[in-house]
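The structure appears right after this line, and notes come after that.
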Protein chains: 2
Amino acid sequence: MVDKEEYRERIILTASKIFSHYGFRKTTMEEISRALKKGKSSIYYYFQSKEEIFEAVVLYEANQLRTRLTTAIKEVDSPPDKLRNYIYVRMKEFAKLSNYYNAVFDKNLDHFEFIERIRSRYDREELAILRLLVYVGNNRGIFAVEDSEYTAMAIQTMLKGMEVPLFWRKREMDINHRLEAILTLIFNGILKKQ
Amino acid sequence: MVDKEEYRERIILTASKIFSHYGFRKTTMEEISRALKKGKSSIYYYFQSKEEIFEAVVLYEANQLRTRLTTAIKEVDSPPDKLRNYIYVRMKEFAKLSNYYNAVFDKNLDHFEFIERIRSRYDREELAILRLLVYVGNNRGIFAVEDSEYTAMAIQTMLKGMEVPLFWRKREMDINHRLEAILTLIFNGILKKQ
DNA sequence: ATAAAGATAGAACAAATGGGTCGGAAATTC
DNA sequence: GAATTTCCGACCCATTTGTTCTATCTTTAT
């Protein structure tokens, strides 16, 4: 019983790798079970369907993302560094997750509503983080913004803009360049001139 | 007539992207044609089969690899730098090609003999390059090896060893670390002590 | 303008693939 | 050794997929 839950996690870990590489559609139960060295039908002892596995995997990835981001922030102290770290890790992680976008937008595929729930929850959390970041930076006299809330929203908007190429599966390109551009833009617009 | 050959190339370019992402099996004709904004059956006007496209794509990639490697060598002058550049680019490129390994080893899939032909040809060319590199370095008094031929073979063996994780699809990991380790090993074992 | 040749796509098809079910065999626990 | 948990091979059937065929555009040549 406890064991069962344990094995479910092993399945999630394995499936996570395959899903992230091939996306929902192109990942087969056969593949997942083969990677686990189990029979295909055995998987159905732990999960009811492919979609249920996918849901668990997405949830898992979301938690992974959260911890990676929070540790990235804790690694440094100054608000600009925190922001820089956060954006950098966020970009890297989202690039890795880009194959999941397929599932979200694959027409003629049941619209996984749970993804949107997770997403909107993440949006809220991210906004809180950014708001705090800006607020603290402001208090320390490093930033100089009128309204932390709206500034945070603006930053988040830019970050979302960086995801668009992932949606459009136009991967490729000068990812670091764009990162620097965005960072300097944000900082120059945000740092107190002296 | 000339046009036809031109469009074949466009197909190769497009298919190349999809194949390199998903491998032979998981790439469908439907996908390729959709990416080209053509009907699925239209592709068969230019190629006889999916495998024929794949063959053309592999050939194309092989040529790409060759030119990337030779330019990487020409970019610098000193033999150690050339060697470093060569190994670095080789590793990056092979990592990108890793999805093609699937096709090579997919049992119950006709063994694409042409891949092995291309591979063995590349092996010969690589050996020649390495041999020359070692030889020149030796002449300039930077390297100090007895037999360029056998040293080149040894180096090539190590490079092939670096491919093993790709075969085993155990991707991941400290790729740069291993690169540095291999480089220092090769250099320290090869450079004339002074 | 019209015939011929060059391209294209839609429909149809046979083969395979893939998600899921089921009965029962192993393995484990009690 | 019975009961329960875990596993799997065989099967089902809906969908996918590579490929063919025919009909229809489009361009070129006459």
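Note on naming: letters A, B, ... go to the chains in the order of the sequence lines (proteins, then strands), and numbering restarts at 1 for each one.
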Take the protein atom NZ of A:Lys37 and the nucleotide atom C1' of D:dT6, then report the distance between them rounded to whole Å. 18 Å
Between B:Lys96 and B:Glu93, does any side-chain N to carboxylate O distance fall below 4.0 Å? yes
For B:Ser42, check side chain to side chain contact (heavy atoms under 4.5 Å, CB included) against everything at least two apart and list the hits. B:Lys38
Taken to the nearest whole Å, CD/A:Glu31 to P/C:dA16 is 19 Å
May I have all residue pairs that pass salt bridge (Lys or Arg N to Asp or Glu O under 4.0 Å) and include part of residues 130-142 of chain B, sequence neighbours excluded? B:Asp77-B:Arg140, B:Arg131-B:Glu149
CZ of A:Arg10 versus P of D:dT6: gap in Å, rounded? 14 Å
Starting at atom CD1 of A:Ile53, determine the distance to atom C1' of C:dG18, rounded to an integer number of angstrom. 13 Å
Heteroatom pairs (N/O) under 3.5 angstrom, protein to nucleotides 18-23 of chain D:
from: D:dG18; atom 1: OP1; to: B:Thr27; atom 2: O; distance (Å): 3.4
from: D:dG18; atom 1: OP1; to: B:Lys50; atom 2: NZ; distance (Å): 3.0
from: D:dG18; atom 1: OP2; to: B:Met29; atom 2: N; distance (Å): 2.8
from: D:dG18; atom 1: N7; to: B:Lys40; atom 2: NZ; distance (Å): 3.0
from: D:dT19; atom 1: OP2; to: B:Tyr44; atom 2: OH; distance (Å): 3.0
from: D:dT19; atom 1: OP2; to: B:Lys50; atom 2: N; distance (Å): 2.7
from: D:dT19; atom 1: O4; to: B:Lys40; atom 2: NZ; distance (Å): 3.2

Any base atoms under 4.0 Å from B:Phe47, or only sugar-phosphate, or nothing? Heavy atoms, all strands. nothing
Connecting only ILVMFWY residues whose side-chain heavy atoms lie within less than 4.5 Å of each other, what is the rest of A:Val136's hydrophobic cluster? A:Leu132
Should A:Tyr45 be listed as having a side-chain N or O under 4.0 Å from OP1 or OP2 of D:dC8? no
Length of the CD1-P vector between A:Ile18 and C:dG18, whole Å: 13 Å
By side chain to side chain contact (heavy atoms under 4.5 Å, CB included), which residues pair with B:Arg8, not counting sequence neighbours? B:Glu5, B:Tyr46, B:Phe47, B:Glu52
Tell me the interatomic distance from A:Ile32, atom CD1, to D:dC7, atom P, rounded to whole angstroms. 16 Å
Which residues pass the ring pair (Phe, Tyr, Trp, His ring centres under 6.0 Å) test with B:Tyr100, not counting sequence neighbours? B:Phe54
Just how far, in rounded Å, is P of C:dT21 from CD1 of A:Ile43? 14 Å
Can you check the B:Ile11 CD1 to C:dA7 P distance for me, whole Å? 12 Å
